[in-house]
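Structure record follows, encoded as structure tokens.
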Amino acid sequence: MVGLILSDYYYNRKEMFLQVGKNGGWFFYFNSLIILPISMQTVGRGLIIFYVEWFFILLTLLASRMYANSLPKIMYLCPMSREERKRYLWTGFYLRNFVFIFLFLLLNIGMFISGYGSVTNMILLTLIFISFSLASNTFFKQIFRAKLSWKEEREKETIKKMGNFYWYSGWLMFAQILGYLNFVIIILDIQDPEPWASWEAGIVLFMIAMQMLTSCIVLTRYLKTGMERILDYEVAYLADSKLKD
């Protein structure tokens, strides 16, 4: 199954990248590689850590949108059982998270050995990244687009078929925004040689705890349900086609 998924990812990489590129938000994300270091007055080691870690966050976000939790149309037509489709979806979710978290851990270990950042900062950055990766990879393209676009009375029946996803978009975006903020806070701390005051440490830990809690809500409330809903062609593609009418 892993081989099939990697093959699909490789084969569809250009098409998926172009589809994601239509979203104007990516202009902001990649411009942040220039804007954020200037606004944060990031220099020296802090600048190196910023570029390495922030690029990884953007890469993870990009992969979660390119290879969202969805099935190619051919998989609804070919002789593939429901359990096999489910295994394809879940394996893809675990694979994306495992690859990026594993590489991020290796990166952080290497940077710590090289003297970039303290143990505390590297542990906090790792927690932030793991939470961010898990939440981002719950992304369901059809469900996310639908919840932002469906307004007409005739579409209520289709919404019911998708389950209770009313707050899905909000929780997902909130988890990601907390990840961005926490990342910036830790980078700013790396630049400042002064240790945190107790109240500052409390705020940082509270922010990270909030991010982790929000990510857990997205994972426990929407991931399993979304995986089940997306197995049905009527939900995944007929609902999506309504947005193009």
Side-chain angles (χ1 to χ4, degrees), residues 2 5-6 9 20 29-30 32-33 36 45-46 48-69 89-114 116-141 144 167-190 196 200-227:
V2 172
I5 293 170
L6 291 176
Y9 284 179
V20 171
Y29 287 126
F30 284 99
S32 64
L33 292 170
L36 276 179
R45 292 185 175 185
I48 295 173
I49 294 175
F50 168 83
Y51 275 122
V52 172
E53 310 266 353
W54 186 250
F55 180 76
F56 234 91
I57 283 179
L58 292 185
L59 193 62
T60 302
L61 188 63
L62 177 63
S64 72
R65 269 43 178 181
M66 285 178 62
Y67 308 116
N69 297 304
L89 286 171
W90 281 104
T91 303
F93 172 78
Y94 290 129
L95 181 64
R96 292 191 303 275
N97 279 296
F98 172 78
V99 168
F100 284 105
I101 291 173
F102 178 73
L103 292 176
F104 189 84
L105 285 171
L106 289 181
L107 176 71
N108 266 7
I109 292 171
M111 293 187 73
F112 172 72
I113 293 173
S114 301
Y116 291 91
S118 65
V119 176
T120 301
N121 284 329
M122 291 303 168
I123 290 174
L124 292 178
L125 283 171
T126 300
L127 290 175
I128 292 168
F129 182 80
I130 291 174
S131 179
F132 180 87
S133 177
L134 290 171
S136 296
N137 278 292
T138 64
F139 184 70
F140 296 95
K141 180 176 65 176
F144 189 86
W167 295 105
Y168 167 68
S169 304
W171 281 115
L172 179 59
M173 289 190 287
F174 186 48
Q176 291 174 337
I177 289 170
L178 285 173
Y180 303 143
L181 292 175
N182 288 334
F183 170 81
V184 170
I185 290 171
I186 300 300
I187 295 299
L188 289 173
D189 176 66
I190 290 174
W196 281 331
E200 291 175 323
I203 291 175
V204 171
L205 293 176
F206 174 77
M207 289 283 289
I208 294 175
M210 280 293 295
Q211 181 196 347
M212 296 176 70
L213 176 61
T214 307
S215 296
C216 285
I217 290 173
V218 174
L219 287 166
T220 57
R221 189 169 185 179
Y222 301 110
L223 180 59
K224 185 177 179 180
T225 303
M227 291 293 199

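- Inter-residue side-chain proximity for Gln211 and Phe183 is flagged as unmet; no heavy-atom pair is nearer than 4.5 Å.
- Here Asn69 contributes atom CG and Met227 contributes atom CE; the two are 4.0 Å apart, rounded to the nearest 0.5 Å.
- Taking the side chain to side chain contact (heavy atoms under 4.5 Å, CB included) definition, one finds that Met207 meets it with Leu178, Leu181, Asn182, Ile185, Ile203, sequence neighbours left out.
- Residues passing the side chain to side chain donor-acceptor pair (under 3.5 Å) test with Ser136, sequence neighbours excluded: Gln176.
- Separation of atoms OG1 (Thr138) and CD1 (Ile217) is listed at 12.0 Å; rounding is to 0.5 Å.
- The aromatic ring centroids of Phe132 and Tyr180 lie less than 6.0 Å from each other.
- The closest donor-acceptor contact from the side chain of Ser131 to the backbone of Ile128 lies at 3.5 Å or more, if one exists at all.
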Donor-acceptor pairs are to be reported for all side-chain atoms of residues 97-108 against protein atoms at under 3.5 Å, with residues two or more places apart or in another chain.
from, atom 1, to, atom 2, distance (Å)
Asn97, OD1, Ser133, OG, 2.7
Asn97, OD1, Leu134, N, 3.4
Asn97, OD1, Asn137, ND2, 3.4
Asn97, ND2, Phe93, O, 3.0
Asn108, ND2, Met122, O, 3.3
Asn108, ND2, Thr126, OG1, 2.9

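- The backbone N or O of Tyr67 sits less than 3.5 Å from a side-chain atom of Arg96, completing a donor-acceptor pair.
- Proximity of Leu61 to Phe139: side-chain heavy atoms (C-beta onward) are nowhere separated by under 4.5 Å.
- With sequence neighbours excluded, the residues that form a side chain to side chain contact (heavy atoms under 4.5 Å, CB included) with Thr120 are Ser118, Leu124.
- Here the straight-line distance linking atom CH2 of Trp171 with atom CG of Leu219 works out to 13.0 Å at 0.5 Å rounding.
- By the side chain to side chain donor-acceptor pair (under 3.5 Å) test, Thr60 is found to be paired with no residue, residues two or more places apart in sequence or in another chain being considered.
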